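Step one of this worksheet: look at the structure below.
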Number of protein chains: 2
Amino acid sequence: MATTRDRQLHDRELVEQWRSIQDSYFRTAGAIDRALEAKFDIGLNEFEILDLVADSEESACRMKALGERTPMTQSAVSKVVDRLEKAGLVSRQTCVDDRRSLFLELTEAGRALHSSAAVEHRALLKENLG
Amino acid sequence: MATTRDRQLHDRELVEQWRSIQDSYFRTAGAIDRALEAKFDIGLNEFEILDLVADSEESACRMKALGERTPMTQSAVSKVVDRLEKAGLVSRQTCVDDRRSLFLELTEAGRALHSSAAVEHRALLKENLG
DNA sequence: TGTCATTGAATGACGCGTCATATACATTGA
DNA sequence: TCAATGTATATGACGCGTCATTCAATGACA
């Protein structure tokens, strides 16, 4: 049978493992966020949405789909898109089939920024993930 | 030499890997946070501080040391401790050697809550980390 | 066609973390 | 002993994410 001592050891390992995950998550996310903020004036979440939009160019009614590919809330996505739109990087297009939906398009500026920022993003991922 | 195609494949893998880390991080943290919130009325960060304090019972001048064991900011730690203190789970003790410092002690209630919450916490870690 | 439930998105109140700063104490060195 | 500098924590303004709610458009079905 498992002794109390066994259980404590196991718990300690679990907690260690968790702390190390947290650490590497925060380290990586933080590094990317600061770099993008400094060089391109957008945060990590903004970039991730930009990246998803860039990636799925051409299928319709994005907004909804985005929510499914990100741990962000629907309302968070909506606000991130607000900022991207205000920054002139993305535009919301109404969707003719279903007028509740919207789909997103990169503007020229958005496309340009994305392609530079993506290089940075990939580089930092590589650097941080090993 | 590496072709553009090679680089794109490699980037895609990196991004996949990163999304999967994010996913498992958010899934785990979210699950723990919701459970602790529901059952014990404290958030994940509160628990982590509680857990650190419980773990290091007896060495002096905690506050500072805590900052070094957590990805949280010094000011975040200060505010988490505010809440824990308001909830009566922890108390700040002035430190005689260095009156700028504080060290923290679990109250009875804090100790009790921590030991129940820790069980839940470990269980969810195990469940989510595999 | 007229209800009723559902769905995509936006919004406002709210909590929390961060940054820059403030405050109190400590240390150093002349 | 008195600056000057450094260190431990607290605090206020601010940005962002979340939750609950709202609104418009759709779908289902009698």
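All figures in this text were calculated on a predicted structure; none of them were measured in a lab. Order of the sequence lines fixes the chain letters, A, B, ..., with proteins taken first and strands second; residue numbering starts at 1 for each chain.
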Upstream residue (5' side of DNA chain D) when M72(A) and D98(A) are each assigned their closest nucleotide: M72(A)
Spacing between I49(B) atom CD1 and dT9(D) atom C1', to the nearest angstrom: 14 Å
Nucleotide dT18(C), atom P - distance to CD of E37(A) in whole Å: 14 Å
Nearest-angstrom distance from the residue atom CG of D97(A) to P of dT7(C): 18 Å
Closest nucleotide among dC16(C), dA10(C), dC25(C) to the R99(B) side chain: dC25(C)
Nucleotide nearest R83(B) (side chain, heavy atoms from C-beta), chosen from dC16(C), dG17(D), dT11(C): dC16(C)
N or O in side chain of S78(A) less than 4.0 angstrom from dA10(C) OP1/OP2: yes
pair H10(B)-K126(A): side-chain heavy atoms closer than 4.5 Å: yes
Given dT26(D), dA9(C), dA13(C), the nucleotide with the shortest approach to the side chain of K64(A): dA9(C)
Under-3.5 Å donor-acceptor pair between R100(A) side chain and dT7(C) base: yes
Whole-Å distance separating the CG atom of L44(A) from the C1' atom of dG17(D): 14 Å
Closest to the Q74(B) side chain, choosing from dA10(D), dA20(D), dT11(D): dA10(D)
Distance, rounded to the nearest Å, where D41(A) contributes CG and dG15(D) contributes P: 13 Å
Nearest-Å distance for atom pair CG/C1', residues L104(B) and dA10(D): 14 Å
Charged N-O contact under 4.0 Å between R12(A) and D55(B): yes
Residue-phosphate contact under 4.0 Å: N45(A) side-chain N/O, dC16(D) OP1/OP2: no
Sugar-phosphate only, base, or nothing, as touched by R92(B) at under 4.0 Å among non-hydrogen atoms: sugar-phosphate
Show me the side-chain donor-acceptor pairs of residues 46-54 of chain A shorter than 3.5 Å, one per line, residues at least two apart or across chains.
{"residue": "E46(A)", "atom": "OE1", "partner": "G43(A)", "partner atom": "N", "Å": "3.4"}
{"residue": "E46(A)", "atom": "OE2", "partner": "R83(A)", "partner atom": "NH1", "Å": "2.4"}
{"residue": "E48(A)", "atom": "OE1", "partner": "Q22(B)", "partner atom": "NE2", "Å": "3.1"}
{"residue": "E48(A)", "atom": "OE2", "partner": "W18(B)", "partner atom": "NE1", "Å": "3.2"}
{"residue": "D51(A)", "atom": "OD1", "partner": "H114(A)", "partner atom": "NE2", "Å": "2.6"}
{"residue": "D51(A)", "atom": "OD1", "partner": "R122(A)", "partner atom": "NH2", "Å": "3.2"}
{"residue": "D51(A)", "atom": "OD2", "partner": "R122(A)", "partner atom": "NH1", "Å": "3.2"}
{"residue": "D51(A)", "atom": "OD2", "partner": "R122(A)", "partner atom": "NH2", "Å": "3.4"}

Per S101(A) side chain, nearest of listed nucleotides dC16(C), dG12(C), dA9(C): dA9(C)
For L124(A) against A31(A), the heavy-atom pair lying closest together: CD1-O, 4.0 Å
Heavy-atom donor-acceptor pair, K79(A) side-chain to dG15(D) base, under 3.5 Å: no
Backbone N/O of L66(B) and side chain of T70(B): donor-acceptor pair under 3.5 Å: no
Among dA10(C), dG8(C), dT11(C), the one nearest M63(A) by side-chain distance: dA10(C)
Q22(A) CD to dG17(C) P, straight-line distance once rounded to whole Å: 12 Å
Protein-nucleotide distance (E48(B), atom CD; dC16(C), atom P), rounded to Å: 15 Å
5′-ward residue of the pair A76(B)/S75(A) relative to DNA chain C: S75(A)
Main-chain N/O of C95(B) paired with S101(B) side-chain donor or acceptor, under 3.5 Å: no
Contact under 4.0 Å: T73(A) side-chain N or O vs dG17(D) OP1/OP2: no
